[in-house]
Amino acid sequence: MEGHVPRTHYSKEIRPEMDGEEVVAAGWVHERRDLGGLLFLILRDREGFVQVTLRKDRTSEKLLECVKRLSKESVVSVRGIVRSDKRAPNGCELIPKEIKVLSVAETPLPLEVSGRIRSELDTRLDVRFLDLRIPRNREIFRIRSEVLKAIRRFLDGRGFIEVNTPKIVAAATEGGTALFPISYFEREAFLSQSPQLYKQMLMATGLDRVYEIAPIFRAEEHDTTRHLNEATSADIEAAFADHEWVMRTLEALIASVYENIRENSSGSLEVLGVELPEVKPPFERITYTEALELLAERSVELEWGEDLSTAAEKTLGEIMGAHYFIVEWPTSVKPYYTMPFESREEVCKAFDLMHPRMELASGSQRIHDYEMLRASIERCGLSPESFKFYLDAFRYGMPPHAGWGLGVERLLMTMLEIENIREVILFPRDRKRLVP
RNA sequence: GCCCGGGUGGUGUAGGGGCCUAUCAUGGAGCCCUGUCGAGGCUCCGACUCGGGUUCAAAUCCCGACCCGGGCGCCA
């Protein structure tokens, strides 16, 4: 900005030891307290608050007038002298020499940024840019950033290579889930619901271990506090690995993420009032059949071969009380690429990673034999012709492989004890919301 | 998609036929106040989602639309 002095310090970097130093702080007008002869301006930036103190008898009329006219949430920069004073909030305050109004906020604000009044989520999401000025709400996204870093660090450390697969895909590649159709020049295309087919194809390349953290799109009508139509999935696929190996990778990853957040985001956790539980592998494993038995004891009756209902997930969660795996699923409820057990073909090498509140991830060892996969696709009522691009990767040397997909938003919301998944994504896309 | 619940100042709420020219908080405008830190005190400003209907009388009851919340279903 013309003639503008750049910021030299964040609020938290301004310390009492800096008494007498000139600094430039910049941010939003959080509050103004006019005591008559004394005027306090509380400036907020990403890292916290700094108090700017104006004494009527020692401040120019121009500066006083300027501050008196400032509306809440306007953006200003303040050049001033740090003064150590035990009466000030951080033990120091800023005596301004110059205040620049960089942007004036209109009044009234559509949201109470002070955090004193909790607005409804719908109101908050309509003005997300303001909502995220509330430190508590913003902290979620600092943690989200750390979670993504922790996932990458962990997988990089285990020899995984980060990849990017297309999000615009040709016709109904996987069956099942509803897809969003889009127009792709003269053809119809879809938004990808999962990188599944592509990461499997990469197993035929020699990249061996890959991961991708990317959006997935699901055109389902679900409208709940734990579903999004655009979500983030952390996916891995590993060659020469079985379902057991990728389960161990998954539980170690979850534990590592918790540990990283506990160590690197203690400040954010404190703001959110969350204390992370100990998460240590190995997680308990129960078979699908055992799960049904446990549920029957609690009068939640399910037929063998049915997927778990919401009530079943919740009841199981109460029984288990911590992260756990459900293994040995009926082959019929899992997708066509899932490897059945050799001895009992009605059961397959699939698993779900569960948090007591909900499902976080699902994965399996995959079928790597071309003929077997082709037959499985047919058995599911799908046409192998439309899967040619995928099936071809199995014809010229495909190693055994396994993998999983983990819902990043669900990981975050369960970790941070947040009720609504929309809180952990910046601009949620759900059944009702497409804007902003 | 189904079942419940709900839409009141900018925000969050109270009120469920007449007591409503509608409560409280927050906010905004203004005045007073030299150490606030959810500052305090005083004054003022600002709202019944929309459209039909019932009734002497509707924020309140009924119908419809739109919007929102919760649960379920759907969702590898």
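Residue numbers start from 1 in every chain, and the chains themselves are labelled A, B, ... in the order their sequence lines are given, proteins ahead of strands.
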Legend entry - Torsion-based syn/anti label for B/G71, 90° from 0 as limit: anti
Roughly how many Å is it from [atom1] in [X] to [atom2] in [N], rounded to a whole number?
{"X": "A/I421", "N": "B/C75", "atom1": "CD1", "atom2": "P", "answer": "17 Å"}
{"X": "A/M358", "N": "B/C74", "atom1": "CE", "atom2": "C1'", "answer": "17 Å"}
{"X": "A/E120", "N": "B/U11", "atom1": "CD", "atom2": "P", "answer": "10 Å"}
{"X": "A/I134", "N": "B/G27", "atom1": "CD1", "atom2": "C1'", "answer": "14 Å"}
{"X": "A/E419", "N": "B/G69", "atom1": "CD", "atom2": "C1'", "answer": "14 Å"}
{"X": "A/L41", "N": "B/G35", "atom1": "CG", "atom2": "P", "answer": "18 Å"}
{"X": "A/R32", "N": "B/U34", "atom1": "CZ", "atom2": "C1'", "answer": "17 Å"}
{"X": "A/R58", "N": "B/G35", "atom1": "CZ", "atom2": "P", "answer": "13 Å"}

Inset, instruction - Could you summarise the pairing of RNA chain B as dot-bracket text, marking Watson-Crick and G-U pairs under 3.5 Å with ( ) or [ ] inside the strand and | across strands? - result: (((((((..(((.....[.....)))((((((.......))))))...(((((..]....))))))))))))....
Legend entry - Summary of salt bridge (charged side-chain N to carboxylate O under 4.0 Å, His left out) pairs that have at least one residue in residues 85-97 of chain A, sequence neighbours excluded: A/E22-A/K97, A/R83-A/D85, A/R83-A/E93, A/D85-A/R87
Name the nucleic acid region contacted by [X], choosing base, sugar-phosphate or nothing; use a 4.0 angstrom heavy-atom cut-off, strictly under.
{"X": "A/P110", "value": "sugar-phosphate"}
{"X": "A/K314", "value": "sugar-phosphate"}
{"X": "A/T225", "value": "sugar-phosphate"}
{"X": "A/S309", "value": "sugar-phosphate"}
{"X": "A/D352", "value": "nothing"}
{"X": "A/T123", "value": "sugar-phosphate"}
{"X": "A/R33", "value": "base"}
{"X": "A/D307", "value": "nothing"}
{"X": "A/A88", "value": "base"}
{"X": "A/R83", "value": "base"}

Has the side chain of [X] got a donor or acceptor that lies under 3.5 Å from a partner of the other kind on the base of [N]?
{"X": "A/E93", "N": "B/G35", "result": "yes"}
{"X": "A/R431", "N": "B/G1", "result": "no"}
{"X": "A/Q51", "N": "B/U36", "result": "yes"}

Inset, instruction - Could you check A/Q200 against A/Y337 for side chain to side chain donor-acceptor pair (under 3.5 Å), going step by step and ending with a plain yes or no? - result: CA-CA 10 Å; A/Q200 278 194 265; A/Y337 51 76; over 6 Å; no
Legend entry - Whole-angstrom distance between B/G52 and B/G15, as gauged at atom C1': 25 Å
Inset, instruction - Sticking with atom P, work out how far B/G17 lies from B/A25, rounded to a whole angstrom. - result: 26 Å
Can you pull every protein N or O that's under 3.5 Å from an N or O on nucleotides 24-26 of chain B?
| residue | atom | partner | partner atom | Å |
| --- | --- | --- | --- | --- |
| B/U26 | O2' | A/E112 | OE1 | 3.1 |

Legend entry - Any side-chain heavy-atom pair of A/E73 and A/V29 under 4.5 Å: no
So does [X] pair up with [Y], basic N to acidic O under 4.0 Å?
{"X": "A/E290", "Y": "A/R285", "answer": "no"}
{"X": "A/E31", "Y": "A/R44", "answer": "no"}
{"X": "A/D122", "Y": "A/K432", "answer": "no"}

Inset, instruction - Would you please name every residue forming a side-chain contact (heavy atoms from CB on, under 4.5 Å) with A/R209, sequence neighbours left out? - result: A/F160, A/A238, A/W245
Legend entry - Residue met sooner reading RNA chain B from 5', once A/V333 and A/P108 are mapped to nucleotides: A/P108
Legend entry - Which residue lies more 5' along RNA chain B, comparing A/L38 with A/P335 via nearest heavy atoms: A/L38
Legend entry - Nearest listed nucleotide, side chain of A/E221, among B/G1, B/G12, B/G35: B/G1
Legend entry - Under 3.5 Å side-chain donor-acceptor pair for A/R366 and A/S364: yes
Inset, instruction - Kindly say whether A/L426 contributes a backbone atom to a donor-acceptor pair with the side chain of A/R144 at under 3.5 angstrom? - result: no
Inset, instruction - Could you tell me whether the side chain of A/T331 and the main chain of A/V347 form a donor-acceptor pair under 3.5 Å? - result: yes
So, is [X] near the phosphate of [N], with a side-chain N or O under 4.0 Å from OP1 or OP2?
{"X": "A/N420", "N": "B/G70", "result": "yes"}
{"X": "A/K432", "N": "B/G69", "result": "yes"}
{"X": "A/R218", "N": "B/C74", "result": "no"}
{"X": "A/T107", "N": "B/G10", "result": "no"}

Inset, instruction - Please determine if A/R344 forms a cation-pi arrangement with A/F341, meaning its NZ or CZ atom is less than 6.0 Å from the six-membered ring centre and no more than 45° off the ring axis. - result: yes
Inset, instruction - Please identify each residue that fulfils ring pair (Phe, Tyr, Trp, His ring centres under 6.0 Å) with A/F40, with sequence neighbours left out. - result: none
Under-3.5 Å N/O pairs linking protein and nucleotides 42-47 of chain B:
none

Inset, instruction - Assess whether side chain to side chain donor-acceptor pair (under 3.5 Å) is satisfied between A/T289 and A/W304, documenting all intermediate values. - result: CA-CA 7 Å; A/T289 307; A/W304 198 93; 3.1 Å; yes
Legend entry - A/E409 CD to A/T414 OG1 distance, which is reported to the nearest 0.5 Å: 11.0 Å
